[in-house]
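In what follows, a structure is listed as structure tokens, so that the remarks can point back to it.
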Amino acid sequence: MLTYLRRSAAQLVFVLLGIALINFFLLHLAPGDAAQVLAGESGAATPEYMEALRRQFGLDQPLYIQFLRYLGNLATFDLGYSFRQSLPVSELILQRLPATLLLMGTAIGFALVAGCSLGFLAARRAGKLTDTVISIVALLFYATPVFWVGIMLIVVFSVILDWLPVGGMTSVEANLGGLALVGDVALHLVLPAVTLGLFYLAIYARLMRAAMLEVYGQDFVRTARAKGVRLRRIAWRHVLRNALLPIVTTLGVQLGSILGGAVLVETVFSWPGLGRLAFSALFQRDLNLLLGILFCSSVVVVLVNIAVDLVYTLLDPRIELG
Amino acid sequence: MARTDTASLPPTRTDFRDRAVGRLLRRPSALVGLILLAGILAMAAFADVAFPGDPLDMAGSPLLRPGDAAEFPLGTDMMGRDLASGIFHGARVSLLIGGVAALVSLVIGIGIGALSGYYGGRVDRALMRVTELFQTIPPFLFTLALVAILQPSIATITTAIGITSWSGLARLVRAEVLRLRNSELAQASIILGASDARIIFLHILPNALAPVIVSASILVATAILTESSLSFLGLGDPNVVSWGGMVGAGRETIRTDPHVAAIPGVAIVIAVLALNLLGDGLNDVLNGKGERR
Amino acid sequence: MMGRDRQVAGGIRRRMVVAAAMMMTAAAAVGVLPLSAGNAAAQEARKGGTLSIILQPEPVTLTPSTNMAQPTQVVAGNIFDGLVAYDFDLKPKPALAERWEVAPDGLTITFHLRSGVKWHDGKPFSAADVKWSLENIWKTIHPRNKSLFENVTQVDTPDDSTVILRLSKPSLPILSVLNGVGAPILPKHLYEGTDILNNPYNNKPVGTGPFVFKEWKRGEYVELARNPDYWEAGKPYLDRLLFRIIPDAAARAAAIEKGEIQYAPYNPVPFRDAERLSKLPRLKVDTRGYEWLSPLLYLDFNVENQYLKDVRVRRAIAHAIDRAALAKIVWFGYAKPAISPVPSSLVTFHNTKLPQYPFDVKKAEALLDEAGFKRDANGVRFTLTHDFLPYGDDYRRTGEFLKQALKRVGIEVTIRSQDSAAFIKRVYVDRDFDFAISYNNAFPDPQIGVVRAFWSGWLGTGTPWTNGSGYRNARADALIQEAGVEGDPAKRIAEFNEFQDIVLGDVPSLPLLELNFFSVYSADLQGIVEQGDQVYSSLKNARFVDAPKAN
């Protein structure tokens with residue numbers, strides 16, 4: 001176990017270096033730079049103004065110097081400075097982190113609980129009406145473009161029924177505090193979390209169902225059934241535990257993309273998350289910021305993957321950590 | 001959904017080959033999926049016959065609703081383009097994007113996952129490192145970045161989707177292979193001195209196919225959906241008609257003329273649904289084989 | 001629609017959707033005139049309330065010194081007062097300057113400042129702030145004003161309320177850019193001796209305007225509060241301005257429809273939604289308030305392209321485009337065909353007696369035949385690639401419209417899509433394009449926003465929104481330079497007339513449309529659109545007629 005962790009740590013460093021390298025040079029391949037974007041938005045520019053911007057952004061240095069400087073900063077856990085926003089990258093990321101975690105946590109939690117329950121139910125009733133309905137509904141949510149679902153939910157629940165706010169994270173107008181603020185955020189959270197969750201829900205329901213049906217067919221389960229163990233007990237004790245393997249894999253992947261967030265949902269619901277921040281950073285060529293977000297996301301993914309590996313061994317003792 | 005007949009006797013190998021298609025066709029959901037998919041393929045094949053001419057032509061007055069004019073059965077969009085023609089011609093592009101992108105992912109994902117899971121050790125570590133490199137970057141953001149860097153066109157969009165969507169599959173395959181490698185059958189083959197390739201292709205991959213097939217159908221579907229998301233964010237190819245592009249173009253009138261986005265949206269939903277139903281059917285059939293273990 | 005950052009919009013024609021009566025009462029309340037008690041009672045104006053406003057996209061900074069982007073300016077206009085403001089006819093009216101004189105020779109401009117004005121941090125505002133801002137911002141790093149203030153050789157401040165500009169050559173356009181964002185006055189005591197571009201106050205601005213900066217929660221909102229010490233007694237009416245960042249157009253429409261947002265400038269929703277919202281009794285759609293900007297949509301031809309270097313081809317393309325249909329179909333009537341690079345809203349300078357290119361497919365084909373580009377077996381003369389300004393679907397659809405229009409005359413067009421950084425680099429830096437749509441704001445004087453697209457001095461500098469076509473004409477260059485330092489208004493008009501005639505004859509850049517942008521606001525608001533630079537100015541006159549919305 002100790003060897004595994006030590007090796008994982010070395011791996012982490014390697015992967016992070018690779019990420020920094022790929023991201024840095026890939027993103028610098030993008031045509032145009034931040035000064036041009038800024039000048040473009042301004043609708044006017046002079047060569048002097050452009051030059052001042054480039055100097056301010058450090059874009060007047062050769063690329064390899066910019067990269068070495070970036071690596072040097074990373075070594076000291078400094079993600080650099082967003083010149084466009086005039087703030088350190090780490091501060092910008094921390095500002096958006098709570099909103100991102102809240103949205104993704106709620107959405108994935110909702111998807112996991114609802115999806116697994118539905119998938120479980122569908123597998124138990126395989127071939128019956130319940131199964132068909134669950135599968136079709138889950139599939140429909142999965143198959144519908146997520147921005148469309150979001151906009152329709154806004155139209156129905158916000159505009160027509162007027163139950164929930166259109167977007168944002170708080171009712172800023174109202175100057176709320178304390179418990180009222182928590183309730184307010186919760187209200188704002190419902191639609192984006194459900195929209196995002198409905199998409200993931202289908203994935204979990206499908207995985208759960210498919211995996212459970214596969215396990216149902218395996219020898220030991222059939223043996224258990226033949227021995228007269230009650231179906232519910234089989235379902236819970238054996239099947240569920242085995243079916244969780246692909247689900248944990250998927251969960252690991254999805255938790256990993258937390259920091260990238262749900263660009264579309266954040267866009268539709270004006271949710272102040274990291275996905276949207278990364279998206280605009282890309283188009284504004286705010287590469288320090290984008291690199292910072294991608295880098296943090298990489299750290300999370302690598303850590304989560306290690307955790308998933310560990311969970312494998314718990315779920316299936318036959319798996320050895322190599 | 002298709003019923004998995006856990007009580008039935010496992011088919012023999014020849015039985016399976018002969019009966020796989022028949023079994024598939026006997027499952028209503030798979031049949032529905034097949035029929036829908038065949039319909040979409042037919043639309044793609046006969047687009048030029050049914051709607052000759054450029055689907056981008058501003059053929060009529062803008063924003064006609066379905067039924068407003070006989071020559072435009074599905075209405076027109078903001079630019080007066082025929083939506084029905086767009087659906088037929090768009091079927092080609094969308095299927096192409098979905099199919100090619102999924103193929104790219106499948107080849108990379110299965111290859112890396114199988115090698116990694118089977119050999120373990122150093123190979124596993126090296127390949128998983130590559131996978132992690134790709135996996136650590138949130139896929140949609142990565143796709144966006146690639147498309148923005150390469151500039152949106154149908155080729156760059158397809159490639160970008162393919163390149164960014166294989167890592168999950170690779171890990172899934174690896175996990176399955178890791179599990180199956182320890183199965184009695186594989187262990188027995190190893191003891192009997194079968195070649196690695198033989199073991200991988202004959203004993204491990206076929207048994208790992210069920211989740212891969214589910215994933216493959218998800219991949220094609222996701223590629224089609226991703227293309228529509230890119231279009232929603234303004235990163236489509238304006239020179240060709242795709243369903244995603246049509247949904248993206250219709251989002252501005254989503255409140256006033258919802259049919260412009262809804263019609264291609266329904267086409268996407270049907271395509272994704274068909275692919276999934278078919279995938280499920282295959283999954284069930286192949287699971288039948290899995291019972292033989 | 002709102003995705004494009006440089007959303008500098010304009011309603012040029014008095015296309016009034018709002019009742020004229022409202023404008024009359026509003027006009028009376030503008031500027032230095034104190035609002036009389038009777039007037040106020042008649043309007044049942046209430047004090048207080050929070051106004052929620054759409055801000056899209058999120059600004060980069062809140063100080064207009066180096067950033068001319070729309071979102072920055074929309075917020076900053078409420079925080080920074082200018083020396084003057086502009087009425088609907090683009091005439092300057094007093095703001096921080098109570099009056100001003102221009103010497104007959106145009107070489108001296110004197111401003112008499114309002115006394116007793118305080119910065120939001122309590123420090124007094126004085127002539128020294130104006131002098132410092134002119135010397136350190138307007139003349140140096142300001143992206144638009146540099147050329148206008150170049151000839152200011154000295155700034156005298158004989159006392160705290162007098163600023164005298166001394167020029168080596170006249171620069172009449174100066175008087176057209178002196179509002180709070182056009183020539184921003186920053187507090188000298190917070191900026192002097194600092195790195196202006198990185199000064200922390202750029203993101204927590206301190207101004208003299210009617211609203212005080214309170215908070216900027218990135219990704220969510222910018223909050224401003226009423227300035228209780230504002231120099232204009234009784235104003236502003238509102239307690240709070242809340243600029244909310246809503247990235248998606250459908251969500252913006254829903255928020256406006258629901259009343260969560262009461263004021264939304266700069267084409268906040270797609271045109272089709274604007275039609276729908278304008279029919280709701282609770283809402284008003286208004287194209288006024290953008291007069292100061294006068295945006296013009298144009299087509300830049302790369303004059304070095306093997307086909308486009310022939311003026312007959314450029315003229316043929318001009319004849320092939322039905323600009324009225326473009327305005328109607330793609331821009332839903334929120335635009336009108338442009339006949340000159342100087343938009344019609346610049347009444348003094350706009351020339352109507354110019355070479356014209358009416359929609360005429362036959363003539364276009366004849367010109368192309370004459371130029372020697374015959375149709376091949378497939379009916380294609382040649383192929384061009386089109387780059388559209390990546391500022392939203394309206395521009396993409398404009399490109400699609402052009403593609404179809406040119407197909408009719410045998411020119412095959414491939415549309416190339418890219419983001420704005422790539423577009424700017426391609427067109428203005430690498431010049432690796434055939435023809436591209438773009439737009440510029442003209443501003444009240446052609447010197448500010450029009451001539452940059454034609455002056456050859458910009459070539460080779462890689463500067464965005466300048467001479468994209470690669471056009472060189474010695475006479476046009478000479479006229480541009482003469483008009484820049486001409487002190488006689490009549491002579492300047494003559495010079496600009498000749499200039500327009502030349503560039504429209506050569507047509508390196510084809511004016512397509514004069515764009516009309518719009519604001520949407522709640523019908524229970526008054527004083528929202530009061531002047532020609534409203535969208536870049538303050539909401540000090542805005543007030544709820546009925547009970548305040550929130551709180």
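Everything quoted here is computed from the prediction, not taken from an experiment. In what follows, every chain begins at residue 1, and chains take the letters A, B, ... in the order their sequences are listed.
- Using bins of under 30°, 30° to 60° and over 60° for the plane-to-plane angle, the ring pair C:H319/C:Y357 lands in the perpendicular bin.
- Chain B forms more heavy-atom pairs under 4.5 Å with one residue of C:K407, C:Q418, C:R397 than with any other, namely C:R397.
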message: Apply side chain to side chain donor-acceptor pair (under 3.5 Å) to residues C:N305 and C:D434 and explain how you reach the verdict.
response: CA-CA 6 Å; C:N305 176 278; C:D434 299 344; 3.2 Å; yes

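- The choice from B:P152, B:A148, B:S153 that makes the most heavy-atom pairs within less than 4.5 Å of chain C is B:P152.
- With a 4.5 Å cut-off on non-hydrogen atoms, C:Q404 touches chain B through its side chain but not through its backbone.
- Using a 4.5 Å cut-off between heavy atoms, C:R408 makes no contact with chain B at all.
- Looking at B:L56, the atoms closer than 4.5 Å to chain C (heavy atoms on both sides) sit in the backbone and in the side chain alike.
- Between C:F401 and C:W331, the distance from one ring center to the other does not fall under 6.0 angstrom.
- In this structure, chain B has a heavy atom under 4.5 Å from the side chain of C:R396, while its backbone stays farther away.
- Of the possible donor and acceptor atoms, none in the side chain of B:H89 sits under 3.5 Å from a partner among the backbone N and O of B:V240.
- For C:F388, the part lying under 4.5 angstrom from a heavy atom of chain B is the side chain only.
- Note: C:Y439 and C:F517 have tilted aromatic rings, judged against thresholds of 30 and 60 degrees for the angle between ring planes.
- When B:L150, B:L63, B:D57 are compared by the number of non-hydrogen pairs under 4.5 Å with chain C, B:D57 comes out ahead.
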- request: Check the pair C:R381 / C:D376 against salt bridge (charged side-chain N to carboxylate O under 4.0 Å, His left out), numbers first and verdict last.
  value: CA-CA 6 Å; C:R381 296 172 191 275; C:D376 67 8; over 6 Å; no

